[in-house]
Amino acid sequence: MTESTAPTLPTRYTPAEFEDAIYARWEAGDCFAPPAEPGNRKTFSIMMPPPNVTGVLHMGHALNNTIQDIVIRHRRMSGYDALWLPGTDHAGIATQAVVEKKLYQEKQTTRKELGREAFLKEVWDWKEHHGNTILGQLRRLGASCDWNRTKFTLDADMSHAVRVSFVRLWEQGHVYRGARIVNWDCKLQTAVSDDEIEYETRKGHLWHLRYPLSDGSGHLVVATTRPETMLGDTGVAVHPDDARSKDWVGKTLRLPLVDREIPIVADETVDASFGTGAVKLTPGHDPADYERGARAGLPIIIVLNKDGSINENGGRFAGMSRETAREAIVAAFDELGLLDGIEDYTHNVTISDRSKTPIEPLVSEQWFVAMEELAQPAIAAAKSGRLKFKPARWEKVYLDWLENVRDWCISRQLWWGHRIPVWYDEDEVPVASVDDLAIGSAHPKTGKPIVRQDDDVLDTWASSWLWPFATLGWPEQTADLRRFYPTQFLSTARDIIYLWVARMVMAGYAFTDEDGPLAFDSEDPQLCFSTCYIHANVLDAQGKRMSKSAGNGIDPVEMIEQYGADAVRYSLMILTREGQDVKLAANRFELGQRFCNKIWNAARFVLGHLEGEMAEEHGTAVEDRWIRARLAATATEVGAALEAYDFHDAATALYRFTWDDFCDWYLEAAKRRLRAAEDAPEDAAAQAEAARVRFTLGEVLRDLLKLLHPFTPYLTEALWGELPARLRGEEDLLITAAWPTSAGAEDATAVREFDLLRDVVRGFRNVRALLEIPAGDQPAGQLLAEGVEAETAIAGNQELVLWLARLASLTVRSDGERPGDSGTDLTRAGGVFLPFAAETDSGKLRASLEKKLDKVEKGVGGIEKKLGNERFLQNADAEVVASERERLLELQREAEMLRANLASV
RNA sequence: GGGCGAUUAGCUCAGUUGGCUAGAGCGCCUCCCUUACAAGGAGGAUGUCGGGGGUUCGAGUCCCUCAUCGCCCACCA
């Protein structure tokens, strides 16, 4: 029989040729869904963090979804009813902005011109046509989520859940409406929450303004970075301990330009050493002043319109933009001689996350959720260990936010989103309702006719926080909810720990942990998810965040096209260790590509040999026993790492086994007996041995494909399809095959023995390279074996060592005689020798030996010093001392041998 | 102002509870297109583990401190 490889497989790993077809097979086989009928099996569920419906896949998504896919594939193979539920988020502001922009560009119209209903139709239209780009991209990545259960946060059932949750909070008194100072986005013309703003350090000015005392006895100077807000000033504050406060507090000032009488008050929060020590108070437009004004009982005057321009309270400045007004007001103060000075000042400007324009704090009527009480169970969940973070340090971040949580402004002045389920009667008395209240119907409490529904919509996160259970049918008591909730694993980005993670846990306890229709096991009060995995940030090669505007992003889809989805997935996993940020350049995916190619070709080799006769028993040679032991150890290691969510460790173990053990040593070793059988077709013993080798090759490959599958699903599934049916058994598709259980294959003896052989082979290769023995030459190698184990190991496997070292002959001796005129190296099994040829230059060999000797002597010195130290002998563990003594003897022996070797070269 | 992370080979990173001569991939040097794979094989070189101090018989690992880089929170007008 001639060697041949499976004819269908190309020499190179060419993912584009099979990935789409493999994915289609999985979908056709309905492989992603858990069994329809719940059995007795354990469940494992993951809710995919829903990407924005406007989103396109970026590296963060690729990383996060690879993680989830690996976990779910591993659990699916391990016998769980595994559910990974996908979906998208309606992303109120982002989506509305996209469509508004499009409307303006294509039809030169605005949402206001269209009206609410027509505009929403446009958004839904856009969503249907462009909204699911990212889900398609996740398929390319290989995501094995249950697409039949795909959810959208504005689906009818999700909307119902949102209403029920709102009404419940309303009834419990956790939701309230009130005039509070909020972060106002003048561009988008909506309030945004504290978690949707950021600060940007900008160079600006600190203007010093003089406010004359009403009694004409002079003036007081205040400093401000926003002079235009003076139009809304209703007081000035100084610190009560400030020496000047005695003279000032109680007096009034004449506010210039608007000619208003405002009091001077004392407030503890004023920093007497900053600026002039006096701070103007604008309770309508500054969060700190809002608090101070409330303490002093000052009125609130709002001077800005929703678009940021000055309103009618601004007198002659009314109608100006905030920028224009600022200049005009400074000029006016200057004209009046009331401008005390201008200094350059670098300060933080509050910016809206969404529009990237400066936030104007302003007082307005909004809906809020009172958070403190709701936060308590979420705090307890983490503190009690029911909710674990990985890496654990993120728990602190989570707790810090919850323990200092502020009320959540949940109303948004948008149209795209869940409209607030509150109706008003003619006296503006509100009522929340799960079902629509018809205009004209009676208000349930007052009996007066309902006149309108609240115009605002809810913050997007007010639907996202229900995600783990609303996606399963909550508030209905569905079979899915009972079966798959709470979930086990959540993987997400660190920047939404507050926005999303903490709120989900709060919602979990607020809505699903009660004496409702759901019967939870009281001994298992863990809700939402038991592990929150915070994945790494993917940075560019310079360590900067990837961003659209900077143009430094790497497109995962392009990478998938170039390197293959498996290569992208595997690279991401081995590159990131436990949430440690990763600096990524496109060529880093070569690592995964090489690995995939290696798997591909190793499989081609094995498959090519499986065509011969296969025994039903394993080979019994040391390498057969060794590789099976290594496979068992690897399976254990990979399984444990995956259960601990240590993806990098699992990927590394797979790399080591696949490349170093299986390819570099086992396959090379196996060739010896396969070739022997080819060379002697009539030799029954050789044929039988080859048949056993094939069996081992096949079984090891089969299990290796299983272990690799979560990481490189396409490639392994494609190769699985090439395996002979007898190896696959009933398992037609790898995705639903059983995770290998390889207990019992451990074999410490084989591992020890093969390690000795491997060391001897390396010794020969080393000497050979140092002596620069030409490739064709096959000198007679000799080994001076040391120790019984080495002698038997080598004696029984001379042929194998020869094969691997590509030598002509090898003799094992133990009589202590050194062969003369030989190049030598020291191995753990003893000394290896290769005879000098006539023109041998032993210079390199000598240098190498000297270096080794130097290193060993250093080691000897170190240990001698240690063992000479009485305190070491007293304090160190007996085991450590014993092993040091052993080590010393070993090193001394090595040194001796090396010296002898040196003397003879 | 508070918190967190990072600093180990030329580059990117591992290094579990303190304990063999600190590892990997890429790059580099030598040899090899050996019939699975040149996206490969064999061999090799490369480290004052950011600085300083401390604890310890013993520190890359624990403590203190400093430096540099990055992130998060708070936000004084």
Side-chain angles (χ1 to χ4, degrees), chain A residues 2-5 9 11-13 199 206 222-226 229 237 269-271 273-276 278-282 286-289 347-348 350 391 393-394 396-397 400-401 404 494-495 497-498 537 539 541 543-545 567 574-577 579-585 587-588 590-591 593-609 646 648-649 652 655-656 663-664 667-668 671 675 762 765-770 772 774-775 805-806 844 848 852 855-856 858-860 862-863 866 869-877 879-881 883-884 886-887 890-891:
Chain A
T2 53
E3 275 192 45
S4 66
T5 54
L9 301 183
T11 339
R12 279 190 166 206
Y13 159 63
Y199 297 95
L206 197 55
V222 296
T224 181
T225 54
R226 294 188 301 151
T229 61
T269 63
V270 177
D271 180 356
S273 65
F274 184 88
T276 61
V279 54
K280 60 193 266 318
L281 299 178
T282 322
D286 184 285
D289 292 354
H347 65 298
N348 285 336
T350 313
R393 64 187 136 90
W394 295 110
K396 187 171 151 45
V397 175
D400 282 350
W401 185 80
N404 300 294
R494 69 190 60 155
D495 40 326
I497 290 177
Y498 316 129
N537 278 346
L539 309 172
K544 298 228 161 56
R545 268 207 97 137
I574 204 154
L575 253 29
T576 67
R577 158 82 202 173
Q580 196 59 52
D581 291 352
V582 57
K583 284 189 243 177
L584 193 71
N587 63 7
R588 305 275 282 161
E590 285 170 14
L591 193 163
Q593 184 190 32
R594 283 200 177 93
F595 184 58
C596 289
N597 187 60
K598 193 71 178 173
I599 298 166
W600 183 261
N601 277 292
R604 282 180 63 236
F605 172 81
V606 174
L607 291 169
H609 284 280
D646 288 324
H648 170 270
D649 292 356
T652 304
Y655 191 96
R656 294 271 81 89
C663 292
D664 285 352
L667 292 188
E668 293 308 317
K671 284 175 185 172
R675 298 267 160 85
R762 285 198 184 116
R765 285 174 178 171
N766 187 4
V767 176
R768 192 188 173 93
L770 289 169
E772 294 177 331
R806 300 279 194 270
K844 279 188 186 177
S848 164
K852 269 186 197 170
K855 226 173 168 182
V856 169
K858 256 187 210 159
V860 169
I863 297 181
K866 227 187 233 186
N869 183 338
E870 288 222 2
R871 291 201 291 177
F872 171 70
L873 299 177
Q874 279 168 14
N875 296 323
D877 286 351
E879 281 174 33
V880 174
V881 177
S883 78
E884 288 292 321
E886 221 169 280
R887 182 81 195 132
E890 218 173 293
L891 285 177

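It should be emphasised that the depicted structure is a prediction, and the values quoted were computed from it without experimental measurement. Proteins get letters first, then strands, A, B, ... in listed order; numbering begins at 1 in each.
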Student: Taking atom C1' in both B:G5 and B:G50, what distance in whole Å separates the two?
Tutor: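 Taking atom C1' in both B:G5 and B:G50, they lie 15 Å apart.
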Student: Return one dot-bracket line describing RNA chain B 5' to 3' (Watson-Crick or G-U wobble pairs, both distances under 3.5 Å; ( ) same strand, [ ] crossing, | another strand, . none).
Tutor: (((((((..((((.....[...)))).(((((.......))))).....(((((..]....))))))))))))....
Student: Atom NZ of A:Lys598 and atom P of B:C37: how far apart are they, to the nearest Å?
Tutor: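 Atom-to-atom, A:Lys598 to B:C37, this comes out as 10 Å.
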Student: How many whole angstroms separate atom CG of A:Leu575 from atom C1' of B:A14?
Tutor: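 Going from CG in A:Leu575 over to C1' in B:A14 covers 12 Å.
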Student: Over all strands shown, is A:Asn348 touching base, sugar-phosphate only, or nothing at heavy-atom distances under 4.0 angstrom?
Tutor: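 Contact class for A:Asn348: base.
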Student: Does A:Ala288 reach a base, just sugar-phosphate, or nothing at all? Heavy atoms under 4.0 Å.
Tutor: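 Result for A:Ala288 = sugar-phosphate.
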Student: State whether A:Asp289 and A:Lys280 are salt-bridged, where the test is any N-O pair (Lys NZ or Arg NE/NH1/NH2 against Asp/Glu carboxylate O) under 4.0 Å.
Tutor: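 Not counted as a salt bridge, because no side-chain N and carboxylate O are separated by less than 4.0 Å.
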Student: Which nucleotide sits closest to the side chain of A:Asn869: B:C73, B:A39, B:C57?
Tutor: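 Nearest to the side chain of A:Asn869 among the choices is B:C57.
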Student: In whole Å, I'd like the distance from the CD1 atom of A:Ile497 to the P atom of B:C72.
Tutor: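 Distance, rounded to whole Å: 12 Å.
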Student: How far, in whole Å, is B:A14 from B:A77 if one measures between their C1' atoms?
Tutor: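 Looking at atom C1' only, B:A77 and B:A14 are 50 Å apart.
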Student: C1' atom, B:G15 versus B:G25: distance in rounded Å?
Tutor: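 Nearest-Å result for B:G15 against B:G25 at atom C1': 15 Å.
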Student: Produce the list of close N/O pairs, under 3.5 Å, pairing protein atoms with atoms of nucleotides 4-9 of chain B; give distances to one decimal.
Tutor:
from, atom 1, to, atom 2, distance (Å)
B:G5, O2', A:Gln580, NE2, 3.1

Student: What is the nucleic acid contact for A:Lys852, judged by heavy atoms within less than 4.0 Å: base, sugar-phosphate only, or nothing?
Tutor: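 Contact class for A:Lys852: none.
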Student: When you compare the protein's N or O atoms with those of nucleotides 18-20 of chain B, which come within less than 3.5 Å of each other, and at what distance?
Tutor:
from, atom 1, to, atom 2, distance (Å)
B:C20, O2', A:Arg887, NE, 3.0

Student: Within the 4.0 Å heavy-atom criterion, would you say A:Asn587 contacts the bases, only the backbone, or no part of the nucleic acid?
Tutor: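 Nothing, no nucleic acid heavy atom in range.
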Student: Categorize A:Ser883 for me: base, sugar-phosphate, or nothing, with a 4.0 angstrom heavy-atom threshold over every strand shown.
Tutor: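 No contact at all - A:Ser883 keeps every heavy atom at 4.0 Å or more from the nucleic acid.
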Student: Pick base, sugar-phosphate or nothing for A:Val270, based on heavy-atom distances below 4.0 Å to the nucleic acid.
Tutor: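 The answer is base, as A:Val270 lies within the cut-off (heavy atoms under 4.0 Å) of a base atom.
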Student: Mind checking the P distance from B:G23 to B:C29? Whole angstroms is fine.
Tutor: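 Result for the P pair: 24 Å, nearest Å.
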Student: Which is more 5' along RNA chain B, the nucleotide nearest A:Lys671 or the one nearest A:Arg871? Just name the residue.
Tutor: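 In this pair, the answer is A:Lys671.
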Student: Between the base of B:A39 and the side chain of A:Glu590, is one N or O donor paired with an acceptor at under 3.5 angstrom?
Tutor: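 Answer no: no donor N or O sits under 3.5 Å from an acceptor.
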Student: Taking only the C1' atom of each, what is the distance from B:C62 to B:C57 in whole angstrom?
Tutor: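 Comparing C1' positions in B:C62 and B:C57 gives a spacing of 16 Å.
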Student: For A:Arg594 and A:Asn597, which I'm curious about, is there any donor-acceptor pair between the side chains at under 3.5 Å?
Tutor: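 No donor-acceptor contact under 3.5 Å links the two side chains.
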Student: Rounded off to whole Å, could you give me the OH-to-P distance for the A:Tyr199 and B:G1 pair?
Tutor: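 Roughly 17 Å, once rounded to whole Å.
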Student: Pair A:Thr282, A:Arg226 - check side chain to side chain contact (heavy atoms under 4.5 Å, CB included), show working.
Tutor: CA-CA 10 Å; A:Thr282 322; A:Arg226 294 188 301 151; 5.9 Å; no
Student: Please classify the nucleic acid contact of A:Ile574 as base, sugar-phosphate, or nothing, using heavy-atom distances under 4.0 Å.
Tutor: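 If one applies the 4.0 Å heavy-atom cut-off, A:Ile574 turns out to touch nothing in the nucleic acid.
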Student: Base, sugar-phosphate or nothing for A:Arg768? Non-hydrogen atoms, less than 4.0 Å.
Tutor: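 It contacts nothing in the nucleic acid.
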Student: Would you say A:His648 and A:Thr576 make side-chain contact, with heavy atoms under 4.5 Å?
Tutor: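 They are not in contact (no side-chain heavy atoms under 4.5 Å apart), so the answer is no.
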Student: Quick one: list whatever passes ring-ring contact (aromatic ring centres under 6.0 Å, His included) with A:Trp401, sequence neighbours left out.
Tutor: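 Partners of A:Trp401 by the ring-ring contact (aromatic ring centres under 6.0 Å, His included) criterion, ordered by chain and then number, come out as A:Tyr498.
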Student: Check whether any side-chain heavy atom of A:Thr224 lies under 4.5 Å from a side-chain heavy atom of A:Leu206, and answer yes or no.
Tutor: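 With C-beta onward as the side chain, the pair stays apart.
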Student: How long is the line joining CG of A:Asn404 and P of B:C75, in whole Å?
Tutor: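 Taking atom P of B:C75 as the reference, CG of A:Asn404 is at 11 Å.
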Student: Where each residue is assigned the nucleotide of RNA chain B containing its nearest heavy atom, which of A:Thr652 and A:Leu770 is assigned the position nearer the 5′ end?
Tutor: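 Result: A:Thr652.
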Student: When the P atoms of B:G19 and B:C66 are considered, how many whole Å apart are they?
Tutor: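 Comparing P positions in B:G19 and B:C66 gives a spacing of 28 Å.
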Student: Does the side chain of A:Tyr13 reach to within under 4.5 Å of the side chain of A:Lys598, using non-hydrogen atoms?
Tutor: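 The answer is no; the side chains never approach within 4.5 Å.
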Student: With a 4.0 Å cut-off on heavy atoms, is A:Tyr13 in touch with a base, just the backbone sugar-phosphate, or nothing at all?
Tutor: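 Base, at least one base atom sits under 4.0 Å.
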Student: Holding to ring-ring contact (aromatic ring centres under 6.0 Å, His included), I want the full list of residues that pass it with A:Phe595, two or more places apart in sequence or in another chain.
Tutor: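 Applying ring-ring contact (aromatic ring centres under 6.0 Å, His included) to A:Phe595 gives A:Tyr570, A:Tyr655.
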Student: Taking atom C1' of B:U16 as reference, at what distance in whole Å does atom NE2 of A:His648 sit?
Tutor: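 The distance from NE2 of A:His648 to C1' of B:U16 comes to 13 Å, rounded to the nearest Å.
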Student: Contact class for A:Cys596 (heavy atom, under 4.0 Å): base, sugar-phosphate, or nothing?
Tutor: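 No contact.
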Student: Taking 4.0 angstrom as the limit, do A:Asp581 and A:Arg494 come out as a salt bridge?
Tutor: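 Here A:Asp581 pairs with A:Arg494 in a salt bridge, since their nearest N and O are under 4.0 Å apart.
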Student: Do A:Asp400 and B:C73 have a side chain to base donor-acceptor pair shorter than 3.5 Å?
Tutor: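 When only heavy-atom distances are counted, A:Asp400 does not reach the base of B:C73 through any donor-acceptor pair under 3.5 Å.
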Student: I need the CG-C1' distance between A:Leu667 and B:C37, as an integer number of Å.
Tutor: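 Distance check: A:Leu667 CG to B:C37 C1' gives 11 Å.
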Student: Please enumerate all protein N or O atoms sitting under 3.5 Å from an N or O of nucleotides 23-25 of chain B, with distances to 0.1 Å.
Tutor:
none

Student: Kindly indicate whether the side chain of A:Leu539, heavy atoms from C-beta on, has any atom under 4.5 Å from the side chain of A:Arg545.
Tutor: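 Result yes, sub-4.5 Å side-chain heavy-atom pair found.
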Student: Nearest whole Å is fine: how far is B:A36 P from A:His609 NE2?
Tutor: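 Taking NE2 of A:His609 and P of B:A36, I get 6 Å after rounding.
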Student: As a test of reading the structure: which of B:A39, B:G44, B:A36 is closest to the side chain of A:Asn766, going by heavy atoms?
Tutor: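 The closest nucleotide is B:G44.
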Student: So A:Ile574 and A:Thr652, do their side chains get closer than 4.5 Å, heavy atoms only?
Tutor: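 Sidechains of A:Ile574 and A:Thr652: in contact.
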Student: Closest approach to the side chain of A:Arg577, judged atom by atom: which nucleotide of B:C37, B:A42, B:G15 is it?
Tutor: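 Given the options B:C37, B:A42, B:G15, the side chain of A:Arg577 is closest to B:G15.
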